Amino acid sequence: MSVTHLIASATSATLALLGSAAPAAAHVVVQSTGAGVGAFTPGRSWSVVAVLLGLTGAIVGGLALARSPGRPGARSGRGGGVALVAGLAGAGVGGLVVAAADGGPGTGSGIVGGLLAVAVGLTAAVLGGLVLTRSRRAAASADRLTTRQQ
């Protein structure tokens, strides 16, 4: 199993888990605990999940974008879709954490991690979009080249 498939499987499993746990998570995130600096609260845990989703998308998107355009598989846009979906999921969960936060930094609501997740997730989505755009351009130019040779 390739690394891309492994990351895609992990991302889809995480999204499935988030989808089934969303109503309960929304209730847990809204509760304020007034925790100390070192406590790992539900708001902080959801922001960590969101940051990890966005970071996974950013890594996959960066690796796919760094792949040489002439290399086999670069025209297929592998990794672009994974980066786009993981980035949007991370930004979405981070946005939910920020929207549900009832306190500022240090209150345990996860607002700092949520804002970080939104930034990293949007970066991953942009990288994924760039990979997909580049793969479409490469495929179109290869089709034009093939048409000219015939």
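Please read all numbers here as calculations on a predicted model, not as lab measurements.
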Which pair of non-hydrogen atoms, one from [X] and one from [Y], has the smallest distance, and what is that distance?
X: G54; Y: A124; value: O-CB, 3.5 Å
X: V98; Y: G114; value: CG2-C, 3.6 Å
X: S47; Y: A117; value: O-CB, 4.4 Å
X: L88; Y: A125; value: CD2-CB, 3.9 Å

So if you build clusters from Ile, Leu, Val, Met, Phe, Trp, Tyr with side-chain heavy-atom gaps below 4.5 Å, do [X] and [Y] land together?
X: V51; Y: L115; result: no
X: L63; Y: L55; result: yes
X: V97; Y: I111; result: no
X: V118; Y: V112; result: no

Rounded distance (nearest 0.5 Å) linking atom CG of L65 with atom OG1 of T133:
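Separation between the atoms: 10.0 Å.
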
Please check this pair: side chain of R44 against backbone of G113, looking for a donor-acceptor N/O pair closer than 3.5 Å.
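Pair absent, no side-chain N/O of R44 close to backbone of G113.
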
